[in-house]
Amino acid sequence: RLNYIGYYKQWYQRRVRGDHKMVLITEDLIRKRAEHNEGLIYSLEEISLHQSDIEKIENIDKWCRDLKILYLQSNLIDKIENVGKLKQLEYLNLALNNVTRVENLEKCENLKKLDLTVNFIGELTSIESLRGNEFLQEMYMSGNPCSKFENYREYVIATLPQVQRLDGIDVTNTERLEAIQSLKDIRESIISQQKDYFIQQQKTKEGSGGRWYTDIGAETQSADKPISELTPEEVKQRNDEFWKTPVEHTPEARKAIHRKLEEEKAAVEEQRKGVRTNKVPKRQTVLEREGKLLNLNQGKWPFLLDDTTDANSVKLEVTLPKYLSTHNIDVDVQPTSVKIVAEGRTFQLVLREEICPDKSSCQRSQMTGVLVVTMPTIKQTIVPEKVKQKTSFKEENSRLVKKQPEKSTAYLEVDPSKRSAVDFSNIVNDSVKYKPISAKRTVKEKVVSDDFVDDPDVPPLL
């Protein structure tokens, strides 16, 4: 019996006052769940909005007209609505919600699969609105109060002849014919069971003494207080009373459990804010002590201070992280110190000489990330320049007139005694002149002997 009236009354008051924030289907929520479609919602064909604490279906039919698959399981939806414009919808999943009847699906012409598992559908005759959905082949309604009705399966397969699979079980032709033949008697039995169910639900909603769960006079003193004003013992007693009290499985009970879980989660977060963590607090930044500036390098950045190369300036090089943005670096040059702040960490260096901040410059390398601060000193020292000795006219003239040695070819000398037997260097004698071969060749005729006899039977040689 649902007798935790005080908690329900408190939840009801929060909704009336506006403390309860209903989760709405907004454009930002849909774009966030449409990452697989590059955030585009007008061409979206599939979206998953499960476990989002949604209580009402809205705006989807306006923004996602081409939607084919819609997942809305594990929410707090009470009514099927605002889906009539989804003409391409093929699969609708509303499992684990608070739906009490099947409605507003007549215009989903291409609907092929409908999942209404574990809802609160007690009006089984409401499925008659699906007779026009001729493509509906698969349907799930297990876990609903109507699934416990006698002849529940026979009524569904006889009322919806297009359904080929119900609650994961295929429908046979013999089963369907038998159900159609006795549909009239089955329907009367279903209507009678529905009336009994509604009467029982009406009694379940009533509290002790005929009071409703929203009755103001039915609460206890501790239930009316917000959880922040209760002592730890009262909070524990209140939680134990809630979780140990047996209740009926109703939409109100499911919502109450959801609100209770949210309340406990918020209380845990509030406690965590006040609990001291084990993290060691950061040491306070001390930039000076007894009026004297201190050297500090919180980031442990490598640095180089050069005050000897140039007598009139001081050069400081600090190696900052390469990928640190220059906009996040703050440089403060003072007459006796320089301070650099980056990533919340401070670098401070006290200078031995007084410098001129107005004439100082700061540069940073884009390749290495090194920060270079050039600071001219106030006391400038005059350093004489080194005068180059000019060369005399005679030396200059001799340097220009001096000729470069001519290039000569040097050959490698070989000892003649160590040569091999064959001398390849004299294979070709250039001194011998060869006559060119004439193009015409003279062929000498053979002399015929006197004993030669010309036999006519012998064929001539080709």
Side-chain angles (χ1 to χ4, degrees), residues 2 8 11-12 14-16 18 20-26 29-30 33 47-65 67 69-87 89-111 113-133 136 139-147 149 156 159-160 190 194-195 197-198 200-202 204-205 212-214 248-259:
L2 189 63
Y8 280 140
W11 167 76
Y12 177 76
R14 286 202 305 267
R15 293 201 66 170
V16 172
H20 167 66
K21 295 182 180 180
M22 181 184 296
V23 178
L24 304 177
I25 300 178
T26 60
L29 177 61
I30 295 181
R33 299 297 179 91
I47 190 171
S48 178
L49 298 173
H50 65 287
Q51 297 180 352
S52 301
D53 299 336
I54 298 172
E55 298 185 19
K56 184 179 180 181
I57 305 175
E58 56 184 352
N59 297 326
I60 298 178
D61 58 336
K62 300 177 183 178
W63 299 332
C64 311
R65 294 291 184 90
L67 206 61
I69 301 175
L70 177 58
Y71 296 99
L72 288 168
Q73 67 270 26
S74 300
N75 283 294
L76 302 172
I77 299 172
D78 297 324
K79 183 179 180 181
I80 304 175
E81 57 185 341
N82 298 324
V83 293
K85 295 181 181 180
L86 302 177
K87 302 298 183 180
L89 188 63
E90 298 179 359
Y91 177 31
L92 176 61
N93 192 333
L94 282 167
L96 294 167
N97 277 281
N98 296 338
V99 178
T100 56
R101 69 190 308 269
V102 182
E103 57 185 340
N104 299 323
L105 292 174
E106 301 87 349
K107 296 183 180 180
C108 298
E109 302 168 354
N110 290 318
L111 188 62
K113 184 177 179 181
L114 178 62
D115 193 346
L116 296 170
T117 306
V118 191
N119 276 273
F120 297 94
I121 300 176
E123 188 179 349
L124 186 57
T125 54
S126 61
I127 66 169
E128 295 178 358
S129 61
L130 299 176
R131 286 176 175 172
N133 300 84
L136 184 61
M139 192 172 178
Y140 295 87
M141 296 186 66
S142 58
N144 286 276
C146 64
S147 62
F149 292 172
V156 175
T159 305
L160 304 175
I190 293 295
Q194 284 181 175
K195 290 181 180 179
Y197 169 76
F198 292 141
Q200 183 65 29
Q201 286 295 108
Q202 187 73 13
T204 303
K205 288 183 178 180
W212 292 80
Y213 69 92
T214 56
E248 293 289 339
H249 185 55
T250 60
E252 290 79 10
R254 178 179 285 182
K255 287 184 178 180
I257 292 172
H258 178 74
R259 307 291 179 245

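Note that the structure is predicted; figures quoted are calculated from it, not measured.
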Where do N119 and T100 land on the side chain to side chain contact (heavy atoms under 4.5 Å, CB included) test, with the steps shown first?
-> CA-CA 7 Å; N119 276 273; T100 56; over 6 Å; no
First locate atom [atom1] of [X], then atom [atom2] of [Y], and finally report the distance between them rounded to the nearest 0.5 Å.
X    : Y    : atom1 : atom2 : value
T159 : I127 : OG1   : CD1   : 5.0 Å
M141 : L124 : CE    : CG    : 5.5 Å
L114 : N93  : CG    : CG    : 9.0 Å
E103 : K79  : CD    : NZ    : 5.0 Å
L86  : N110 : CG    : CG    : 11.0 Å
L96  : H50  : CG    : NE2   : 11.5 Å

If you compare all heavy atoms of [X] against all heavy atoms of [Y], which two are closest, and at what distance to 0.1 Å?
X    : Y    : result
L160 : R131 : CD2-N, 3.8 Å
F120 : N98  : CE1-OD1, 3.3 Å
I121 : P145 : O-CD, 3.4 Å
I190 : F149 : CD1-CB, 4.0 Å
L136 : M139 : CD2-SD, 4.4 Å

Taking C-beta and beyond as the side chain, do [X] and [Y] meet within less than 4.5 Å on heavy atoms?
X    : Y    : answer
L70  : L89  : yes
K87  : R65  : no
E58  : L24  : yes
Y197 : E123 : no
L94  : I77  : yes
Y91  : D115 : yes
I30  : I25  : yes
I57  : I54  : no

Give a yes or no answer on whether the side chain of [X] reaches the backbone of [Y] with a donor-acceptor pair at less than 3.5 Å.
X    : Y    : value
N75  : L49  : yes
Q194 : T125 : yes
N133 : C108 : yes
S147 : S142 : no
N144 : L116 : yes

Would you check, one step at a time, whether the test side chain to side chain contact (heavy atoms under 4.5 Å, CB included) holds for L105 with L130?
-> CA-CA 7 Å; L105 292 174; L130 299 176; 3.8 Å; yes
Would I60 and V83 satisfy side chain to side chain contact (heavy atoms under 4.5 Å, CB included), going step by step from the backbone distance to the final call?
-> CA-CA 7 Å; I60 298 178; V83 293; over 6 Å; no
Would you sort out whether R101 and S129 count as a side-chain hydrogen bond (donor to acceptor under 3.5 Å, both in side chains), showing the intermediate values?
-> CA-CA 10 Å; R101 69 190 308 269; S129 61; over 6 Å; no
